[in-house]
Amino acid sequence: MDYLDSLNEPQREAVVNTEGPCMVIAGAGSGKTRVLTYRIAHLIRAKGVDPFSILALTFTNKAAAEMRNRIESVVGLEAKNLWMGTFHSTFARILRYESDRLGYPANFSIYDTDDSKTLIRQIIKGLKLDDKVYKPNVVLNRISGAKNRLISWQDYINNPIFQAEDEGAMKPQMGKIYKIYCERCFKASAMDFDDLLFNTNVLFRDNPDILNKYQHRFKYVLVDEFQDTNLSQYLITKKLSAVNQNVCVVGDDAQSIYAFRGADIKNILNFEKDYPDLKVVKLEQNYRSTKVIVNAANSVIINNTRQLKKDVWTANEDGDLIELLKSNSDNEEGKLVAASIFEEKLNHQIKNIQIAVLYRTNSQSRAIEEALRRANIKYKIVGGLSFYQRREIKDLLAYLRFVVNQNDEQALRRIINLPKRGIGTGSVDKIIVAANDNGLTIWQVVSDIFRFLPGRITNAIDQFAFMIKSFMVVIQKKDAYEAASYIAKQSGLLRALYEDKTIEGLSRYENVQGLLNAIKEFVDNDENEDKSLGTFLQEVALLTSVDQDKDEDNDKVTLMTIHMAKGLEFKNIYLVGMEEDLFPSQMMLSSRADLEEERRLFYVAITRAERKLFLSYAISRYRFGRLKSCEPSRFLEEIDSNYIKVNRKFRKDPETHSQTLHYAKSLVSGVKKTIPKAINNNFTHKPSSDFKPSDTSNLEQGMKVEHLKFGFGKVVNIDIEGANRKAKVLFDNFGEKTLLLSFAKLKIYT
DNA sequence: GCGTAACCTGTTTTT
DNA sequence: CAGGTTACGC
């Protein structure tokens with residue numbers, strides 16, 4: 001097998017050991033996707049496994065698409081029969097086949113987060129509760145959290161612990177909202193994202209014959225980014241592979257960044273307990289980045305307490321030191337980044353496509369965008385307000401959804417008065433009340449309005465119902481594309497947009513055309529056997545972005561959030577907004593676990609870089625529409641300062657460089673490690689109440705100091721390199737740290 | 001029921 | 001700042 005030759009020893013082990021449970025702990029840049037790809041290729045090629053019986057699960061559509069491509073390039077067209085997709089899309093498909101077992105129709109709708117939130121808002125209103133106490137966001141998160149841990153509304157209501165928690169949070173009605181939410185979703189023949197996984201668990205639990213069918217079908221189960229699985233996903237994986245036990249999970253606990261969505265590192269830690277004869281392979285050699293980057297990342301992640309032991313190292317060159325960019329404002333930050341990109345391209349022959357700008361929040365993209373535009377640097381934004389979240393797209397999709405599933409209450413609400421036909425929210429509420437009072441579905445009321453709600457508004461509603469009925473006929477006869485075009489025209493949606501001659505109106509019109517094109521592509525794609533509108537909707541509901549970048553010129557700088565960047569790599573990375581309260585986000589400061597997740601996110605960001613990393617922070621930034629001053633992120637202090645070059649005016653100082661080299665070598669060869677180890681697990685030092693940072697310009701060896709986070713310590717050494725003064729301090733509880741005095745907040749005691 | 005205008009509120013990350 | 005929501009006049 002020629003492809004095996006290109007693998008290192010642990011990689012090969014992970015590829016070749018196809019039988020039995022296997023866990024691959026893969027450090028950043030260690031060839032994780034490569035292993036997964038080759039393992040599947042090996043199964044098909046060397047072991048003669050039918051691709052039909054292999055199931056590969058990922059978290060994002062992007063990852064699934066990329067892996068499919070890579071496998072196809074190794075095994076060719078055979079890869080077509082492989083089941084590969086996100087957890088959500090894979091099990092949505094299975095639920096569609098088996099929906100009758102759950103009492104759902106096969107054409108159930110999938111509610112996106114907006115639909116869920118709107119429904120919850122309605123329920124809260126219906127219960128006459130204050131939506132400032134019961135914030136829809138918070139309520140949805142709570143419900144989502146329960147579902148991800150497989151806690152049904154019945155379990156929830158019967159559990160006094162949850163009741164007590166909710167009462168403590170002044171939200172005693174939470175269980176009731178959860179219950180009504182589930183009932184309303186069921187009545188609407190709709191599942192939200194979490195239901196897709198929750199209901200798969202229910203399906204397998206209550207229908208042994210079905211579970212058995214899939215257990216025997218999927219002889220080999222592979223899971224990528226296993227650190228991001230929640231309990232619900234974990235149990236599905238476990239159940240599916242219970243018979244054959246051929247389950248292979250690949251992940252990196254240091255890159256677990258989706259705990260907010262219910263991901264649980266415990267799944268990795270527990271895996272060994274669940275499979276006593278588990279084969280564990282560690283991939284520790286990084287092929288992606290320079291020594292500076294790998295070691296800097298290591299020096300950061302070491303601050304986390306909960307992690308699997310792992311030594312990520314690289315044989316690559318030392319590389320350039322990490323550069324810090326300091327600016328006065330977010331706009332200036334953009335300019336500085338643009339200028340640096342320009343310079344890098346000039347001096348190092350780097351292309352736009354090899355550069356990415358990463359940020360914590362989507363809103364940070366604006367300033368960067370503007371600067372790049374002015375500097376004439378081509379860029380593209382990944383993520384953000386996705387195509388399918390735009391209003392006009394959701395409007396047309398709601399039409400299509402309703403024509404496919406007349407129980408879809410949220411879709412109905414969206415389209416019944418769109419374009420305006422004189423049916424206000426009052427009438428809609430009446431319809432829903434009438435439906436509930438008579439034990440009818442909303443569609444039964446709407447389609448027979450004269451009988452159930454005689455009154456003024458009946459004509460408009462009757463016309464609407466008539467139109468929908470005609471659409472229902474159309475989708476029986478035509479393919480998805482023809483049906484959708486017909487509906488877009490006949491509903492008046494397209495005309496309303498066409499008549500809007502503003503710039504936004506124009507782009508909305510184009511977007512709707514874009515959606516229709518996407519449907520056309522779906523129909524024309526021979527890989528899709530089922531070309532019905534229902535199938536299209538099912539798939540599209542789980543899509544966040546679309547390959548809309550049809551632009552010939554794809555040499556563009558990439559702008560995206562750190563989350564979106566996971567799994568990707570770029571020659572140069574610009575990580576912007578390195579400020580307290582932004583990164584780490586102020587929402588994540590309340591607990592150690594949250595802060596550790598932010599730190600892992602930082603780790604992910606650093607390790608995206610192949611050759612050069614830039615960290616940027618601004619002293620002030622517009623937030624909430626007001627200019628606010630910011631402090632440099634605590635994470636900047638956590639990077640071993642040997643890897644940082646502070647002032648760009650001071651070019652490489654030979655001494656610094658050789659020190660770095662020496663240090664890096666000592667790391668790789670496993671000689672004595674000088675990385676300051678965190679000795680104490682205390683979250684942070686509690687600073688003295690009168691803590692005020694002192695002026696450190698006169699700091700000297702031997703002085704006793706207090707640090708905001710590390711507590712008390714003694715200065716061991718002062719280093720001056722160019723403009724930067726560094727202090728090596730031995731802290732009582734945190735060991736030795738090298739601090740850059742331009743950042744570190746120290747109070748001098750002696 | 002509709003449109004406009006003041007108003008308020010809140011920005012984490014994604015399937 | 002921007003999006004969504006409410007209050008009001010038509």
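Throughout, protein chains are lettered first and strands after them, A, B, ... in sequence-line order, and every chain is numbered starting at 1. It should be emphasised that the depicted structure is a prediction, and the values quoted were computed from it without experimental measurement.
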| message | Can you tell me if A:T60 touches the phosphate of B:dT15, counting only side-chain N or O atoms and a distance under 4.0 Å to OP1 or OP2? | response | no
Is a side-chain N or O of A:S241 found less than 3.5 angstrom from the main chain of A:T237, in a donor-acceptor match?
-> yes
| task | Scan A:K117 against the nucleic acid and name what it touches under 4.0 Å (heavy atoms): base, sugar-phosphate only, or nothing. | result | nothing
Check whether A:E598 reaches the backbone of A:S585 with its side chain - one donor and one acceptor, N or O, closer than 3.5 Å. yes
Q) Is there a side-chain polar atom (N or O) of A:N362 under 4.0 Å from OP1 or OP2 of B:dT13? A) yes
note: A:L627, atom CG; C:dC1, atom P; distance rounded to Å ~ 11 Å
Can you check the distance between C:dG4 and B:dT13, where both ends of the measurement are the P atom (answer in whole Å)? 15 Å
- Query: At under 4.0 Å between heavy atoms, what does A:R391 touch on the DNA or RNA strands: base, sugar-phosphate, or nothing?
  - Reply: nothing
Should the side chain of A:T113 and the base of B:dT15 be counted as holding a donor-acceptor pair, with the cut-off at 3.5 Å?
yes
query: A:F583 near the nucleic acid: base, sugar-phosphate alone, or nothing, with a heavy-atom cut-off under 4.0 Å?
result: nothing
Per atom distances to the A:S585 side chain, the nearest of B:dT12, B:dG10, B:dT14 is B:dT12
message: Under 4.0 Å, heavy atoms only, any strand: does A:Y622 hit a base, just the sugar-phosphate, or nothing?
response: nothing
Q) With distance as the sole criterion, is a donor-acceptor pair present between the side chains of A:R96 and A:T535 under 3.5 Å? A) yes
Considering only nitrogen or oxygen atoms on both sides, find all protein atoms under 3.5 Å from nucleotides 2-5 of chain B and state each distance.
residue	atom	partner	partner atom	Å
B:dC2	OP1	A:G422	N	3.2
B:dC2	OP2	A:N417	ND2	3.3

Rounded to whole Å, OH of A:Y111 lies from P of B:dT15 at a distance of 21 Å
Touch class at under 4.0 angstrom, heavy-atom based, for A:S427 against every strand present: sugar-phosphate
Just checking A:D112: base, sugar-phosphate only, or nothing, at a heavy-atom cut-off of under 4.0 Å?
-> nothing
Item to check | A:Y622 side chain to A:S329 side chain, donor-acceptor N/O pair below 3.5 angstrom | outcome: no
Among B:dT14, C:dA2, B:dT9, the one nearest any side-chain atom of A:T561 is B:dT14
Winner on side-chain proximity to A:R360, out of B:dT13, B:dG10, B:dT9, is B:dT13
**Q.** A:F260 over B:dT13, stacked by centroid distance under 5.5 Å, angle under 30°
**A.** yes
A:Q389 atom CD is separated from B:dT13 atom C1', nearest whole Å, by 13 Å
To the nearest angstrom, the CZ-P distance between A:R121 and B:dT9 comes to 14 Å
Q | CZ/A:F466: more than 12 non-hydrogen atoms of other groups inside 6.0 Å | A | no
Heavy-atom nearest nucleotide on DNA chain B taken for A:F193 and for A:M587; more 5' hit belongs to A:M587
- prompt: Counting only heavy atoms not in A:R495, do more than 12 sit closer than 6.0 Å to its CZ atom?
  reply: no
Answer yes or no: is there a donor N or O on one side and an acceptor on the other, between the side chain of A:D115 and the main chain of A:D192, under 3.5 Å? no
The residue, A:K135 or A:D194, whose nearest nucleotide of DNA chain B is more 5′ is A:K135
Using OP1 and OP2 only, check whether a side-chain N or O of A:R261 sits under 4.0 Å from B:dT12. no
Taking every heavy atom of A:F570 against every heavy atom of A:T558, the minimum-distance pair comes out as CE2-OG1, 3.7 Å
